[in-house]
Every structure is written in C-alpha cells, then in structure tokens.
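First the proteins, then the strands, lettered A, B, ... as listed; each starts at 1. Just so we're clear, the structure is a prediction, and the values are computed from it rather than from any experiment.
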Protein chains: 2
Amino acid sequence: MGKQMTEMLKGTLEGIVLAFLTGNPAYGYEITTWLRSQGFTDIAEGTVYALLVRIEKNGLVDVEKRPSEKGPPRKVYSLNADGEKYLEEFWTTWGFLAERLESLRTEGK
Amino acid sequence: MGKQMTEMLKGTLEGIVLAFLTGNPAYGYEITTWLRSQGFTDIAEGTVYALLVRIEKNGLVDVEKRPSEKGPPRKVYSLNADGEKYLEEFWTTWGFLAERLESLRTEGK
DNA sequence: GTCACTACTCAGCGCTACTATGTACCAGTA
DNA sequence: TACTGGTACATAGTAGCGCTGAGTAGTGAC
C-alpha cells in the first residue's frame, strides 16, 4: 500500500469500519472482504482484527459468537450506543478536516 | 486536542502544509500561526518543526535562511519540483479517501 | 491428502503527532 | 537594570495506529 494511504488511514479506518457496522452487524473476515471490494485492496487482515479488538476493548461494539457453515466460529460485531456517539464525533471531526482540505485544494490556500 | 483529530491528522497534516507552501514560501512560526488561524488551534509548535525537518530531509522543499526583524533568523521553506509531485499524489490519495467516506456518510453504507 | 477458502490471533516494526522543555533574539517598560 | 512577552527554532521521549509475517484451525472439493 502507498505510504501516504497508510498514514491517512490512521484514525479514518476506524470510522470507516464503525460506519459500515451501523445497522449492519458483521464479522472480521466479512469486513475485510468488504473493505477490499471498496477499493482498499491492500488492507491487511491483521489490521482489521486488531482494529476490532481495539474498538471492542473501548466498548464501542457488542460481540456475539456464532457458528459458521464454513470454518471456525465467527465473532459478529454490532455498534452499540457508545459506538454511535463515537461515530457521530468522528463525522464531526472528519467534516471539519474535509472542509479545510477541500478549500485548500480549490482556493489554492 | 481530540484523540480522533490527532490520529486523523497523521498523513494529512503534511499535505496541508505542502499545499500551503504552494507558491507561498513560509517559515515555521508563520505556518504554525496560520494553522491555528485555520481552526487547528491545538497544533503544537514542535509538531510543525518536526514535520518541516522531515519534508526537508525527504527533499520536498528548498530552504533559505533569512534574517528576521524580530527574533532569530527564519528558515523559509518553499515547495520544489519533488514536493509538487508529492503533493499531487497526496491529492489523489486524499480524493479517493474523501470520496469513499462521503458515500459512506450519505448512503449509510 | 492436499489444496483452497474461511476465520481468527499475535509479536514486532515504522511512522507521525504530541508533550515538555530548552535556546535565543528583540522591544517595551518599570 | 531586570523583567516580561512576543518571535523563532530545536529535540528527546511517548503513544497510537496500521503493516508485516507468521501461525492455528475448521470446512469442503478434487
């Protein structure tokens, strides 16, 4: 992956995953393949699982273990109230940054 | 500063500074105050200087030392050809990410 | 029986922003 | 003279996040 993208994903990847989880419980492998289908082709599996561990530890998601038809049992993550609040803050932060950058790109400065 | 913002700035702060430098040579202190005026009120001085050292080492900017009317001499940074190329790549990367996030925010997923 | 896909885990690394502190020059002022 | 405050740069140490690379395990097809 490009170094620029790697750095830029810091902080945003978490928001992307939380946004995906909104009203759409999912498990790690599913999230990884979805990310890749969205163009984040080089996201490492390890990255996603580490992120999931983190947001679980931070209490932003609820976890449920379900058997899988194929392979080991899945850990299904769903956004809880704290997660929704956190996601809202994320959008606020993102909105500010995106606005600043957009005006930098168009106005020149 | 908010933790979310701190993480999100990783990768983007560099682009912001390079964009500011486009056709607009500036020195560290000036860049810091400009960033603060743009709403990045909590950017630490040390962060900016470290970033400037980095982009200089990576050959993205040219540096010229100029005496100041007030205080120690200034190090004036200006974007060079490599910097412009790097900035272009930055906008491409940013554009992709912004597009993905925007569609996540509006479409829901 | 081995290949491919599914599914999760973990140790170690590199990069970037923050914290905290220090140096130094100059102007105003009490 | 001493002190305060604004200007200007520098750096050592810390924390957080994504990546690398490797490993474990269950299932089904050939």
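- To the nearest angstrom, P of C/dA7 lies 13 Å from NZ of A/Lys65.
- At least one side-chain heavy atom of B/Glu102 sits less than 4.5 Å from a side-chain heavy atom of A/Trp94.
- For B/Tyr49 and D/dA10, the shortest distance from a side-chain N or O to OP1 or OP2 is not below 4.0 Å.
- Distance CD (B/Glu56) to P (D/dT11): 11 Å, rounded to an integer number of Å.
- Rounded to a whole Å, the CD1 atom of A/Ile55 is 11 Å from the P atom of D/dG18.
- The pair B/Glu14-B/Arg54 meets the salt-bridge criterion, with a side-chain N (NZ, NE, NH1 or NH2) lying under 4.0 Å from an Asp/Glu carboxylate O.
- Using a 4.0 Å heavy-atom cutoff across all strands shown, A/Leu13 reaches sugar-phosphate atoms only and no base atom.
- Between A/Lys3 and D/dC19 there is no side-chain polar atom (N or O) within less than 4.0 angstrom of OP1 or OP2.
- To the nearest angstrom, P of D/dT7 lies 9 Å from OH of B/Tyr27.
- Near DNA chain D, defined here as any heavy-atom distance below 4.0 Å, there are no residues from residues 89-102 of chain A.
- Minimum heavy-atom separation, A/Leu60 to A/Asp82: CD2-O, 3.9 Å.
- Contact detail for A/Ile31 and A/Ala26: the closest heavy-atom pair is CG1-CB, 3.9 Å.
- Counting any heavy atom pair closer than 4.0 Å across all strands shown, B/Gly46 reaches a base atom.
- For the pair A/Met5 CE and D/dG18 C1', the interatomic distance rounds to 13 Å; values are reported in whole Å.
- In this entry the distance linking CG of B/Leu35 with C1' of C/dC18 reads 15 Å, nearest Å.
- For the pair A/Leu51 and B/Arg74, nearest-nucleotide mapping onto DNA chain D gives the more 5' position to B/Arg74.
- Going from atom CZ of B/Arg54 over to atom P of D/dA10 covers 15 Å, rounded to whole Å.
- At least one donor-acceptor pair closer than 3.5 Å links the side chain of A/Tyr49 to the backbone N or O of A/Tyr29.
- The aromatic rings of B/Phe96 and A/Phe40 sit perpendicular, their planes meeting at an angle over 60°, well past the 30° parallel limit.
- Look at A/Thr47 and you'll find a side-chain N or O under 4.0 angstrom from OP1 or OP2 of D/dC19.
- Within the 3.5 Å criterion, the main-chain N or O of A/Tyr86 finds a donor-acceptor partner in the side chain of B/Gln4.
- Within the 4.0 Å cut-off from OP1 or OP2 of D/dC9, not a single side-chain nitrogen or oxygen of B/Tyr29 is found.
- Checked against C/dC18, D/dC19, D/dG16, the side chain of B/Glu7 finds its nearest nucleotide in D/dG16.
- With hydrogens and angles ignored, a donor-acceptor pair under 3.5 angstrom links the side chain of A/Lys10 to the base of C/dC15.
- A/Glu88 has no carboxylate O lying under 4.0 Å from a charged side-chain N of A/Lys85, or vice versa, which leaves the two without a salt bridge.
- Atom CD in B/Glu45 sits about 15 Å away from atom C1' in C/dA17, given to the nearest Å.
- Counting heavy atoms from C-beta outward, A/Thr93 and B/Met8 have side chains that approach closer than 4.5 Å.
- Between A/Glu7 and A/Lys10 there is a salt bridge, with a side-chain nitrogen of the basic residue lying less than 4.0 Å from a carboxylate oxygen of the acidic one.
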Can you give one letter per nucleotide of nucleotides 23-30 of chain C, going 5' to 3': B for a protein heavy atom under 4.0 Å from the base, S for sugar-phosphate only, - for none? -BB-----
